[in-house]
Each structure stands twice: as C-alpha cells, then as structure tokens.
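Reviewing the structure listed below.
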Amino acid sequence: MIVATWNVNSINARQEHAVDWLKSAAPDVVCLQEIKTVDEKFPHDIFRQLGYETVSFGQKTYNGVAILSKLPMSEVRRGFEADVADHPRRFISANIGGIEIINTYVPNGQMVGSEKYEYKLRWLADFKKHLEDTRSSANKILWCGDFNIAPEDLDVYDAAAYGQQIMCSPAERNALTEIRAWGLDDAFRITNKEGGHYSWWDYRMGAFRRNHGFRIDHIWVSSALSGNCQKAWIDKAPRKLEKPSDHAPVLTELSL
DNA sequence: ATGGTGGATGGTCCA
C-alpha cells in the first residue's frame, strides 16, 4: 500500500496536476493540504472517477485538508480541538485498512517570535495532547502532512543561514521531538540517511532550479507500522511542471 | 533595491 502526502497549494489551481499525478504514481491513499476551498467545491467527483473515496475539511481561501483513498474510510474526524465554526481547518483523520491516518497542515509560523510563531507552537502542543488523550501509539498510526518544520540541519539546503529561522528553530524542532517521543518515527529516515532531499522550494529566487529546498513534508509512523515501511521517497516530477505547487509529494510503501 | 513568486481575492493576506 502506497500512502502519499502533498500540499497542492489550492486544489482548484492544481486539479489537472493532481489528476495526472494520481494516474502515474497510483498511490492508494493521498493526504492533501492547502486545498483552499470549501467542501462543496472540492472536486470529489473527479477523484471518484479515478477510484478514490474522498473526505475533506475545507474552508474558503486558506488551509483545508482532504484524504483520497482507494480503500474504504471509517471513523472520519474533522478537527481535533473543541469545534469552533471559524477554526482553521488543518486536521482530518480516518481509519483506512486498520491504520489511523492523520493528515495535518501545521501552521507556517511566518517568523520566529511572531504571533503566528507562538500559534504554531501552541498548535503543535495541542496536537500532541490530542494524540495523548485520544490515541495509543501501540496502534498502527500514520501521521503525515505539511509539518512546516525541517527536523534536522541536513533537511535544509543552507543550515548555516536558516538553522535558527522559521521551519528550523529549536523550539519547533523540540515540539516535533516531543511528538516523536510519544511514539512516532519519520518514515523517510527509515530508509534514507543522507541529506539533500527536499519537499518544498520557495517560488521566489529560482529556488527549485538551484535546489534551495527544505524537507518539511513528512510521513511519520508508529512502531507498529515502522517495520512495514519498505521505502519512502519524494517525487519531484510535479514540481517541474508549469504552474506547480511549491511542494512535492512525499510517499511511502507499506507492506501489509 | 527592504525586492523576489504564486493563490485567492477584489484590499491585501498568507505562504
């Protein structure tokens, strides 16, 4: 079973790329972030025609997440905090084939020390509490999405310049470390030890052409699943197209 | 030079 995560930066702008990529990569489960549209306007029918069930938790203009799955989905959960009508839509989870799939769009944080940065850290603490209060790391759990954090210096093209900046700062990395300690591991790092692999490149300054990237999109698995991770990889092909998302899909193959 | 690119939107905000 192949599970993928992809920040599409608007499903409306990226629908054609998404359809073409699903046909070629043929993942079984795809977690999307930044769909930037409401559930009524999400192209459910387009993906159903490709053999996927779809669930979404979207909002106008910003954020929004969705899961596409060739296998049936159950126990769909939208949001993990007390329901607030206008709360940013960054979380959707479902049980797929006995695996608890959790798809999140972690806040960007904008700049270290800003209000948005404090919100990012709060959000990560709240997410950890969600795991502690409602889940068991003894179960098969797969957490994926745009984490907006590069876990280590080797996940950044220029750690000397960016090691203390947003997506890399110690407090953010510590927040991730605490979630890891609850019982999750980076699927990509199970089979890839070297640096230089990135999932996001800024649209500006020719960052992709110069491979000025960050590995901020992730698939993390509980120990009950980590042994099933055959491989994990980043598919840069969609990032090379005209009008791409600024993120590339990340995938893992699980033997089940 | 305080820039640069892209999406949603219809002013800017967000990334």
Side-chain angles (χ1 to χ4, degrees), chain A residues 5-21 30-44 46 56-66 79 84-92 103-124 127 144-151 155-158 161-169 171-173 175-176 198-218 234 236-250:
Chain A
T5 178
W6 190 13
N7 180 324
V8 291
N9 187 16
S10 166
I11 193 59
N12 184 45
R14 224 66 61 202
Q15 182 177 310
E16 193 176 331
H17 283 17
V19 166
D20 290 347
W21 185 75
V30 184
C31 294
L32 302 176
Q33 302 87 40
E34 281 207 276
I35 62 174
K36 291 187 172 178
T37 192
V38 294
D39 298 330
E40 295 73 28
K41 292 184 178 176
F42 185 82
H44 297 278
I46 298 292
S56 65
F57 190 44
Q59 68 184 91
K60 189 179 175 187
T61 309
Y62 303 118
N63 312 309
V65 286
V84 178
D86 60 352
H87 195 278
R89 297 187 160 183
R90 301 178 174 278
F91 176 108
I92 190 168
N103 173 22
T104 66
Y105 174 48
V106 176
N108 171 280
Q110 191 175 55
M111 182 182 289
V112 173
S114 67
E115 277 187 29
K116 289 188 173 69
Y117 180 73
E118 296 304 322
Y119 167 64
K120 181 181 195 174
L121 296 178
R122 264 202 319 280
W123 192 97
L124 288 163
F127 177 70
C144 69
D146 178 358
F147 290 14
N148 264 315
I149 300 172
D155 299 314
V156 184
Y157 80 95
D158 187 348
Y162 291 97
Q164 305 296 315
Q165 306 289 323
I166 197 67
M167 301 190 291
C168 306
S169 71
E172 297 169 68
R173 287 177 171 172
L176 267 195
Y198 310 126
S199 65
W200 175 82
W201 301 259
D202 200 301
Y203 283 124
R204 296 166 289 190
M205 307 299 287
F208 184 68
R209 176 176 52 77
R210 298 149 77 182
N211 200 25
H212 287 183
F214 295 71
R215 194 175 70 88
I216 60 172
D217 300 271
H218 304 287
I234 299 167
K236 291 168 74 170
R239 188 64 177 79
K240 299 172 181 172
L241 302 173
E242 290 293 316
K243 289 279 181 185
S245 167
D246 42 353
H247 296 254
V250 180

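Naming convention: chains lettered A, B, ... in sequence-line order (proteins, then strands); numbering from 1 in each chain. None of the values given here were measured: they were computed from a predicted structure. All heavy atoms count here, side chains included; hydrogens, waters and symmetry mates do not.
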**Q.** Protein-nucleotide distance (A:W201, atom CH2; B:dA15, atom C1'), rounded to Å
**A.** 16 Å
Q) Tell me, do A:Y157 and A:W201 make a side-chain contact under 4.5 Å, heavy atoms counted? A) no
Q) How close or far is atom C1' of B:dA15 from atom CD1 of A:I149, stated in whole angstroms? A) 15 Å
Q.
What's A:F208 touching, base or sugar-phosphate or nothing? Going by heavy atoms closer than 4.0 Å.
A. nothing
Q.
Do A:H17 and A:W6 have side chains that approach each other closer than 4.5 Å (heavy atoms only, starting at C-beta)?
A. yes
**Q.** Interatomic distance where CG belongs to A:N7 and P belongs to B:dC14 [whole Å]
**A.** 17 Å
Q | Contact nearer the 5' end of DNA chain B, comparing A:D202 with A:P107 | A | A:D202
Which pairs, protein N/O on one side and nucleotides 6-8 of chain B N/O on the other, fall under 3.5 Å?
from: B:dG7; atom 1: OP1; to: A:R14; atom 2: NH1; distance (Å): 3.2
from: B:dG7; atom 1: OP2; to: A:K243; atom 2: NZ; distance (Å): 3.2
from: B:dG7; atom 1: O3'; to: A:S10; atom 2: OG; distance (Å): 3.1
from: B:dA8; atom 1: OP1; to: A:S10; atom 2: OG; distance (Å): 2.1

Q. Taking atom C1' in both B:dG11 and B:dA1, what distance in whole Å separates the two?
A. 25 Å
**Q.** Spacing between A:N63 atom CG and B:dC13 atom P, to the nearest angstrom
**A.** 16 Å
Q: Would you indicate whether the side-chain heavy atoms of A:D246 and A:D202 approach each other to under 4.5 Å?
A: no
Q. Looking only at atom types and distance, does a side-chain atom of A:N103 sit under 3.5 Å from a main-chain N or O of A:L32, one as donor and one as acceptor?
A. yes
Q: Please report, rounded to the nearest Å, how far the P atom of B:dC14 is from the OH atom of A:Y119.
A: 12 Å
Q. For A:I166 and B:dC14, what is the distance between atoms CD1 and P respectively, to the nearest whole Å?
A. 14 Å
Q. What integer distance in Å separates A:R90:CZ from B:dC14:P?
A. 11 Å
Q.
Within the structure provided, determine whether A:K120 and A:I149 are in side-chain contact (heavy-atom separation under 4.5 Å).
A. yes
Q | Side-chain donor/acceptor of A:S199 to backbone N/O of A:R215, under 3.5 Å | A | no
Q) Which whole number of Å gives the distance between the P atom of B:dC14 and that of B:dT9? A) 14 Å
Q: For A:R89 and B:dC14, give me the distance from atom CZ to atom P, rounded to whole Å.
A: 18 Å
Q: Tell me which of A:N148 and A:R204 sits closer to the 5' end of DNA chain B, going by the nucleotide each one is nearest to.
A: A:R204
(Q) Are A:D217 and A:V250 packed together at the side-chain level, in the sense that at least one heavy-atom pair is separated by less than 4.5 angstrom? (A) yes
